[in-house]
Asks: 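Sharing a structure with you now.
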Number of protein chains: 2
Amino acid sequence: MLTDRQLLILQVIIDDFIRYGQPVGSRTLAKKEKITFSSATIRNEMADLEELGYIEKTHISSGRVPSEKGYRYYVDHLLSPQRLTQEDMNKIKSIFAERIYELEKLVQKSAQILSDLTSYTSIVLGPAVKENKLKRLQIIPLNKETAVAIIVTDTGHVENRVITIPAAVNASDLEKMVNILNERLVGVPLIDLKDKIYKEVANVLRMHIYSYDSMLKTIGETLDIPQEEKMFFAGKTNMLSQPEFSDIQKIRSLMAMIEQEKDFYRLLRKHRQKGIQITIGRENQLSGMENCSLITATYSIGEEPLGTIAVLGPTRMEYSRVITILNRVASDLSTVLTDWYQND
Amino acid sequence: MLTDRQLLILQVIIDDFIRYGQPVGSRTLAKKEKITFSSATIRNEMADLEELGYIEKTHISSGRVPSEKGYRYYVDHLLSPQRLTQEDMNKIKSIFAERIYELEKLVQKSAQILSDLTSYTSIVLGPAVKENKLKRLQIIPLNKETAVAIIVTDTGHVENRVITIPAAVNASDLEKMVNILNERLVGVPLIDLKDKIYKEVANVLRMHIYSYDSMLKTIGETLDIPQEEKMFFAGKTNMLSQPEFSDIQKIRSLMAMIEQEKDFYRLLRKHRQKGIQITIGRENQLSGMENCSLITATYSIGEEPLGTIAVLGPTRMEYSRVITILNRVASDLSTVLTDWYQND
DNA sequence: GTTAGCACTCAGGTTGTTCGAGTGCTAAAT
DNA sequence: ATTTAGCACTCGAACAACCTGAGTGCTAAC
């Protein structure tokens with residue numbers, strides 16, 4: 001177990017390093033207000049902290065730098081909570097004060113404000129469309145062979161897709177079918193649509209529709225809703241200004257990682273628990289993330305969790321500030337959404 | 001006027017520099033097959049070429065590098081046309097062989113293939129939605145206050161927006177109005193919709209609809225179609241691997257330029273003429289583009305130009321290869337689109 | 001007109017040196 | 001038993017000196 005003095009030193013080292021990005025030496029430390037003992041004492045303590053794995057040297061006679069274990073301890077035990085400046089508060093408020101009725105736009109704006117305020121990269125995982133409920137299905141013929149199928153959900157989200165209409169199907173059949181589907185399926189979550197069609201609606205369709213088979217196939221196409229939540233990025237290039245990424249190689253691997261959205265999506269999916277979640281450097285188990293930390297929070301409608309908002313920064317990021325901002329944005333976003341949807 | 005030998009030397013210098021990215025010296029040049037005279041002769045010719053502004057030295061005793069004027073002359077007069085490899089041809093074909101019915105997706109795929117094949121960044125300016133013709137307008141109420149307005153165009157494009165419904169408007173009025181609008185407005189280009197409504201449809205509406213005023217306002221909201229063509233990027237980070245951008249500063253200014261989409265959009269808009277257009281370095285008159293060239297082509301339906309596809313690379317890019325690819329993709333894309341739309 | 005030869009230039013790599021920030025250890029002070 | 005002062009030591013970064021190689025321009029001979 002660490003002594004109080006060791007904790008103090010660890011905290012001051014990390015705070016200083018986060019602030020200035022330079023290895024911290026005993027002399028620098030000794031000058032700090034909070035530190036009342038001499039540099040020699042500090043050196044002894046630092047030697048212990050290093051042995052325990054909380055800090056590292058970049059070379060044999062350099063100052064110390066936090067290790068991943070050090071950051072981990074720091075975020076778990078040493079974070080000093082921070083208050084937002086009035087200015088930041090206002091910025092956040094101003095976003096949510098606008099009456100934006102489209103979920104996607106709101107979510108995108110949230111990502112924007114997060115990256116603006118933090119100067120890191122932010123990612124927002126949109127709500128899963130598949131859990132929205134069907135409000136209306138519409139098929140609008142374009143010409144003899146093709147039509148646009150449109151699905152509107154209760155959240156106002158619109159999915160659309162161009163489909164081919166089998167030659168055997170005529171316009172009135174199409175219309176009839178759309179009517180039947182709407183009658184039976186409004187209110188059903190998109191993900192259950194297919195199932196429900198085969199189990200409950202197929203019978204009805206067979207009775208009323210002539211070319212039942214090809215029709216069902218067309219419907220199948222239509223209802224292939226994307227399963228995955230959309231990711232919205234903002235400030236992708238903010239990382240270019242971080243001094244730890246002055247090395248072009250690091251930037252390349254980081255960018256490659258971000259572009260490769262699949263892996264990153266999977267990583268985000270691991271952060272679904274409520275509250276703030278932090279993963280540091282290699283904890284992310286994703287190459288390209290060695291020098292990065294990811295902080296996430298969730299937003300929700302009422303008690304129903306909807307999605308994740310996240311900030312990606314260097315391991316040397318301002319954890320406490322980012323956490324405060326993230327909490328704030330998540331809660332404001334949740335409030336707006338809850339307010340909006342529960343007034344139905 | 002340049003002599004044949006000077007032209008040969010200029011061409012070989014640029015070809016070599018494009019290939020290896022290193023300043024080209026007289027000795028290197030003398031070793032080339034095509035060059036039958038000695039390095040001393042070459043030095044004399046190079047001195048002349050430099051005086052005329054076609055090539056430059058990076059420092060007093062370095063080899064030569066093409067100047068912007070040199071590149072300009074090269075692309076205007078010296079390009080040796082190139083054939084696509086079978087492999088590249090196949091890749092392009094495979095994209096357009098799939099039956100993709102959505103314009104946006106097709107366009108996005110085209111951007112993707114362009115950046116894949118060239119390893120540069122590619123940009124595609126989508127067709128202007130405003131020129132599409134209205135196929136159907138639909139308003140689907142979500143709850144008492146809000147509704148989704150959906151506009152489907154003859155190209156299968158779907159625009160949608162959440163609108164607020166004035167309290168004075170009731171459901172049957174809404175329906176009636178949508179019917180009237182559809183009757184009168186189908187086939188009208190989106191850009192003319194507003195005009196047409198005020199001039200021709202307003203009268204009819206006034207006769208049939210109770211809360212005429214607030215209704216017209218709602219309709220106005222609905223028809224605020226984005227005026228600008230969408231830009232689709234692909235391979236944004238490809239530039240990171242170009243040796244000329246090993247300098248972090250250059251990358252930053254380049255990325256900042258790309259992120260700042262407005263300016264870039266304006267630049268692209270200047271390239272609307274048919275055929276291949278090339279602007280080199282500072283010809284682009286956009287800071288961040290000093291070391292870049294932009295090559296564009298247009299795609300069309302029949303004779304009707306629709307949009308622009310572009311490749312953004314370093315000034316030292318493989319002009320001839322890019323031009324070949326761009327031509328190919330543009331023409332294939334045009335063929336598919338023409339085929340598709342003229343079968344209406 | 002072309003080329004060989006030569007003196008000259010400069011970027012970039014290597015080496016050596018110095019400086020300063022930092023360390024660990026020891027012995028004295030508290 | 002802690003804490004501190006002092007000292008020898010280490011290393012990176014910055015700088016200068018030097019060398020090399022690729023390249024040039026010019027001149028005189030072919």
Side-chain angles (χ1 to χ4, degrees), chain A residues 1-10 12-17 19-32 34-67 70 243-244 246-248, chain B residues 1-10 12-17 19-32 34-67 70 243-244 246-248:
Chain A
M1 200 41 213
L2 298 177
T3 66
D4 281 357
R5 194 165 66 187
Q6 285 173 327
L7 290 183
L8 176 61
I9 290 179
L10 180 58
V12 177
I13 288 177
I14 300 186
D15 280 338
D16 189 270
F17 183 70
R19 180 112 181 244
Y20 302 107
Q22 294 297 325
V24 190
S26 55
R27 233 178 80 86
T28 321
L29 236 32
K31 282 189 214 138
K32 301 262 165 187
K34 292 186 187 169
I35 305 277
T36 53
F37 29 88
S38 82
S39 67
T41 311
I42 295 170
R43 282 201 289 280
N44 288 327
E45 298 285 27
M46 288 208 288
D48 290 348
L49 283 172
E50 183 170 9
E51 213 162 288
L52 292 167
Y54 292 102
I55 53 181
E56 295 166 347
K57 296 191 238 188
T58 60
H59 60 87
I60 191 123
S61 75
S62 76
R64 304 307 212 288
V65 154
S67 68
E244 26 270 283
S246 59
D247 175 11
I248 200 107
Chain B
M1 198 41 211
L2 297 177
T3 67
D4 282 357
R5 195 166 65 187
Q6 284 173 327
L7 290 183
L8 176 62
I9 290 178
L10 180 57
V12 177
I13 288 178
I14 300 187
D15 281 338
D16 188 271
F17 183 70
R19 180 113 181 243
Y20 302 106
Q22 294 297 326
V24 190
S26 55
R27 234 177 80 86
T28 322
L29 235 34
K31 283 189 211 138
K32 302 262 166 185
K34 291 186 189 170
I35 306 277
T36 53
F37 28 89
S38 81
S39 66
T41 311
I42 295 170
R43 283 201 288 281
N44 288 327
E45 298 285 27
M46 289 206 291
D48 290 349
L49 284 171
E50 183 171 8
E51 212 161 290
L52 293 166
Y54 293 102
I55 52 181
E56 294 166 347
K57 295 191 237 187
T58 59
H59 60 89
I60 191 122
S61 75
S62 76
R64 302 309 211 287
V65 154
S67 68
E244 25 270 284
S246 57
D247 175 12
I248 200 108

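A, B, ... follow the sequence lines: proteins, then strands. Residue 1 opens every chain. Just so we're clear, the structure is a prediction, and the values are computed from it rather than from any experiment.
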Asks: The side chain of Ala47(A) is closest to which nucleotide in this list: dG12(D), dG24(C), dC10(C)?
Replies: dG24(C)

Asks: Looking at the side chain of Met46(B), which of dT24(D), dG24(C), dT3(C) is the nearest nucleotide?
Replies: dT24(D)

Asks: Check whether any side-chain heavy atom of Val24(B) lies under 4.5 Å from a side-chain heavy atom of Arg64(B), and answer yes or no.
Replies: no

Asks: Hey, is the side chain of Thr41(A) poking within less than 4.0 Å of OP1 or OP2 on dT4(D), counting only N and O atoms?
Replies: yes

Asks: Can you see if the side chain of Thr28(A) gets near the phosphate of dG22(C) - specifically, an N or O under 4.0 Å from OP1 or OP2?
Replies: yes

Asks: Taking OP1 and OP2 of dT23(C), is either one under 4.0 Å from a side-chain nitrogen or oxygen of Arg64(A)?
Replies: yes

Asks: For Lys31(B), look at atom NZ and say whether over 12 heavy atoms of other residues, nucleotides or ligands are found less than 6.0 Å away.
Replies: yes

Asks: Nearest to the Arg27(A) side chain among dA5(D), dT3(C), dG22(C), which nucleotide is it?
Replies: dG22(C)

Asks: If only side-chain N and O atoms of Lys57(A) are considered, is one of them under 4.0 Å from the OP1 or OP2 phosphate oxygen of dG24(C)?
Replies: yes

Asks: With no hydrogens and no angle check, is any side-chain donor or acceptor of Ser67(A) less than 3.5 Å from a backbone partner on Gly53(A)?
Replies: yes

Asks: Okay, side chain of Ser62(A), backbone of Thr58(A): is any donor-acceptor separation there less than 3.5 Å?
Replies: yes

Asks: Report yes if a side-chain nitrogen or oxygen of Ser61(B) is closer than 4.0 Å to either non-bridging phosphate oxygen (OP1 or OP2) of dC10(C); otherwise report no.
Replies: no

Asks: Just to be sure I understand the rule, does Thr58(A) reach a base, reach only the sugar-phosphate, or reach nothing, if contact means heavy atoms closer than 4.0 Å?
Replies: nothing

Asks: Can you tell which of dA4(C), dC11(D), dC10(C) lies closest to the side chain of Ile60(B)?
Replies: dC10(C)

